[in-house]
Amino acid sequence: MTITDASNVSFSYKLNQADTTISAFYTHFIGDDTVNQQRAVLATADTPTNADLTASMLALSGTSRTISAQANQVQIERWSKVQADDGDYVIMVATYQELPAIFKKVITEDQVTKHAVIKAVTDKGRHYLIVTANNDRLLKRAGRFVANQELMTESQQESISLSDQTAIDSASADLNRETYQLTDQAVQFTGTGHHEGDYYVSLPNDRTNADGSTVSLKLKYSDNLDFKRSLVTVSVNDTLTGSHRLVRGRINGDRLTFKLPRGTALSNSLDVKVAFDLALNGANQTADSDSPWVTIEPTSKMTVKSQQSNDLLLTNYPTLFIKNETYNHLAVVVPKTLNDQDFKTLSNLFNLIGSYAKLNTGSIQFYQHPSKTVLKNSNVIAIGTPKQNPLIKQLNSKLYFKYARSWETFKSNEKLSLTSSYGHTIGTDQLLRSPYNAKRGLLVVTGATSQATYLASTQLNTASTIQQYTGDAIVVDTDNQHTGYRFKKNKAIDRALTVKRNLNQNTQLLIYLGAALIVIIAIGAAIILVMKKQGLLKRGGRSNDK
């Protein structure tokens, strides 16, 4: 019997609305029903401060990483643009001074004198979570609290007050972990023929497989197999790792280790496929009692040697802005005045980046005019048109697709010929080596108009979309034609690290070459000594007749 992928299960259910607790609001806000029906919105002030934007993106990170639906994501909007209906869930993040009057009725100024406040409110069938404080520092702490899934689901009250002493940090994962159990219980396959089992290993998002990873299987199997034809085969992310025959003498405990081939490139999500081909010993043994079987024991594991990815390419986006599963000194430079298209651009970018920031402890800050020190010490994302964002003007000479002097269109380059009218409508994503720090990345999301900038951001909104690109630049036009380009020759973020890794990966080869060189030198020296002893060198290479 074959069950095809067209099979499905349908459920009919009634969705209960949230009560007035923070945990109930949060559970509904990140729920698939709410997101798929576009009833989840994150709002901020109409003229947000840098602290408003920073706290908002922190809060969005805590929700986007838990949302399974990529097609419909949480949108970021100005409060004046929020049109809340019955059953909608809105997180409102703003300093108390910028808080709409409707929310100042339920949170008084005295309550935010020394504390940030997070409060769940229901009004006319609409559900709100107010996140506010009277200073930037506490507002960011409140944003980090919302980004902590454990704290939000544990908050069984309507309101929480946060001080500088309130514990808000996410629990750190074991980032140095190497061993992953494939299954927590024995898995048995019965019957002749081909059987497959899939087991998933998830690494931290900012790490990738390094040489030296192995899959170790502990097996038990029946003694009525045809051991000349019964095999186990292992592959990782569809890369064949190896095959072994099952052995009669090891039926009660066979331990097999499969090494991943050197240089195998794997993502942070690993699919370990274990396949068995079981053949029965004797053509006439067909009774159920004689069915052959094999069991994968819970002690089976995968040992993963991982490393930080070192590529300054879109294949490493957005993890090049992530370290140890949180923001890695990220500075976001935005226009002083944000319009509706700019908010849509931020929604696209941070729904994806936020889903990779699993911890709320990283460094992220919004700026309009960052200092040189900030630019030197940070990974940078610059968003907007050159007329909106002065930093993009300053970077024009460094861009792969440069603006003309009018700042109204892109100029042609060695990769793409552009007319002035077409160059006015396209948006670009350009991943540069930061001119302020050669070991940092700088992403410019820009176009001559805010609409063009938004078009560029549509290629950076989901993991499946960004996987199309292997270079360091993207061009998108109004017909949704999008093309990727590769400009930089050296893709390494840290060039010294690349050299070190290459040496480590080729250590054995270098040892063999060194040994071979020593042998060649020794043979050459021996020949010279023999020739000297025979007097061949002094007589021009000819010996006497004797």
Side-chain angles (χ1 to χ4, degrees), residues 5 68 173-189 193-221 230-247 250 253-278 294-311 313-320 322 324-325 355-356 358 463-464 466-470 501-502 504-509:
D5 56 9
S68 60
D174 183 6
L175 299 175
N176 295 318
R177 179 181 178 189
E178 289 189 350
T179 302
Y180 298 83
Q181 188 176 2
L182 296 183
T183 176
D184 57 3
Q185 59 184 0
V187 179
Q188 187 173 88
F189 300 92
H194 188 77
H195 306 273
E196 288 184 357
D198 285 291
Y199 307 93
Y200 297 94
V201 172
S202 181
L203 304 180
N205 287 324
D206 56 323
R207 300 190 70 81
T208 186
N209 171 69
D211 288 336
S213 299
T214 61
V215 176
S216 179
L217 298 180
K218 179 66 181 298
L219 306 175
K220 291 183 179 179
Y221 36 87
S230 297
L231 301 171
V232 55
T233 303
V234 172
S235 59
V236 180
N237 285 8
D238 295 326
T239 298
L240 181 63
T241 301
S243 293
H244 279 291
R245 285 182 182 177
L246 303 183
V247 180
R250 300 175 184 171
D254 197 355
R255 173 70 74 178
L256 298 172
T257 299
F258 300 83
K259 293 182 178 180
L260 271 68
R262 293 179 64 83
T264 301
L266 298 175
S267 65
N268 59 287
S269 181
L270 309 180
D271 175 15
V272 181
K273 181 174 291 184
V274 182
F276 296 97
D277 291 285
L278 304 181
V294 62
T295 300
I296 301 176
E297 295 292 301
T299 53
S300 299
K301 61 185 181 181
M302 182 173 186
T303 301
V304 182
K305 302 292 185 181
S306 64
Q307 62 189 11
Q308 188 91 18
S309 183
N310 193 37
D311 292 349
L313 296 174
L314 291 169
T315 51
N316 191 23
Y317 179 84
T319 55
L320 64 93
I322 302 292
N324 295 334
E325 300 194 301
S355 67
Y356 281 76
K358 294 184 178 180
S464 58
I466 195 63
Q467 285 173 1
Q468 303 174 64
Y469 303 102
T470 59
R501 286 180 177 176
N502 287 337
N504 289 338
Q505 290 175 355
N506 295 291
T507 299
Q508 193 171 11
L509 176 61

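- Heavy atoms from other residues, nucleotides or ligands lying under 6.0 Å from NZ of K220 number 12 at most.
- Judged purely by atom type and a 3.5 angstrom limit, N316 uses its side chain to pair as donor or acceptor with the backbone of D311.
- Screening T214, V236, V234 for a side-chain contact (heavy atoms from CB on, under 4.5 Å) with M302, the sole residue that qualifies is V236.
- The NE2 atom of H244 sits 8.0 Å away from atom OG1 of T257, with the distance rounded to the nearest 0.5 Å.
- Counting only heavy atoms from C-beta outward, the side chains of T470 and L313 never approach each other to under 4.5 Å.
- Note that CZ of F258 is 8.0 Å distant from OG1 of T241, once rounded to the nearest 0.5 Å.
- Closest non-hydrogen pair, E196 versus A275, comes out as CG-CB, 3.9 Å.
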Q: Quick one: do V201 and L182 satisfy side chain to side chain contact (heavy atoms under 4.5 Å, CB included)? Show the steps, please.
A: CA-CA 7 Å; V201 172; L182 296 183; 4.2 Å; yes
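- Inter-residue side-chain proximity for V304 and E178 is flagged as unmet; no heavy-atom pair is nearer than 4.5 Å.
- P298 and A186 make their closest contact through CG-N, 3.7 Å (heavy atoms, listed as atom of the first residue, atom of the second, distance).
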(Q) Applying side chain to side chain contact (heavy atoms under 4.5 Å, CB included) to L246 and L219, what does each step give before you reach the verdict? (A) CA-CA 9 Å; L246 303 183; L219 306 175; 4.2 Å; yes
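- Rounding to the nearest 0.5 Å gives a distance of 3.5 Å between CD1 of I296 and OH of Y199.
- Here T303 contributes atom OG1 and K259 contributes atom NZ; the two are 12.0 Å apart, rounded to the nearest 0.5 Å.
- Judged by distance alone, with hydrogens and angles left aside, the side-chain atoms of D271 form no donor-acceptor pair with the main-chain N or O of N237 at under 3.5 Å.
- With contacts defined as side-chain heavy-atom distances shorter than 4.5 Å, the pair T239/L260 does not qualify.
- Nearest heavy-atom pair across T233 and S243 is OG1-OG, 2.8 Å.
- Distance CZ/F189 to OH/Y221: 15.5 Å, rounded to 0.5 Å.
- No donor-acceptor pair under 3.5 Å is formed between the side chain of T295 and the backbone N or O of Q188.
- The heavy-atom pair separating Y356 from A463 by the smallest distance is OH-CB, 3.8 Å.
- Residues S213 and K305 share a closest heavy-atom pair of OG-N, 3.0 Å.
- By the neighbour-count criterion of 12 heavy atoms within 6.0 Å, atom CZ of R255 is densely surrounded, having more than that number from other residues, nucleotides or ligands.
- The distance from the CD atom of E297 to the OG1 atom of T183 is 10.0 Å, given to the nearest 0.5 Å.
- Environment of CG in D238: sparse, with no more than 12 heavy atoms of neighbouring residues, nucleotides or ligands closer than 6.0 Å.
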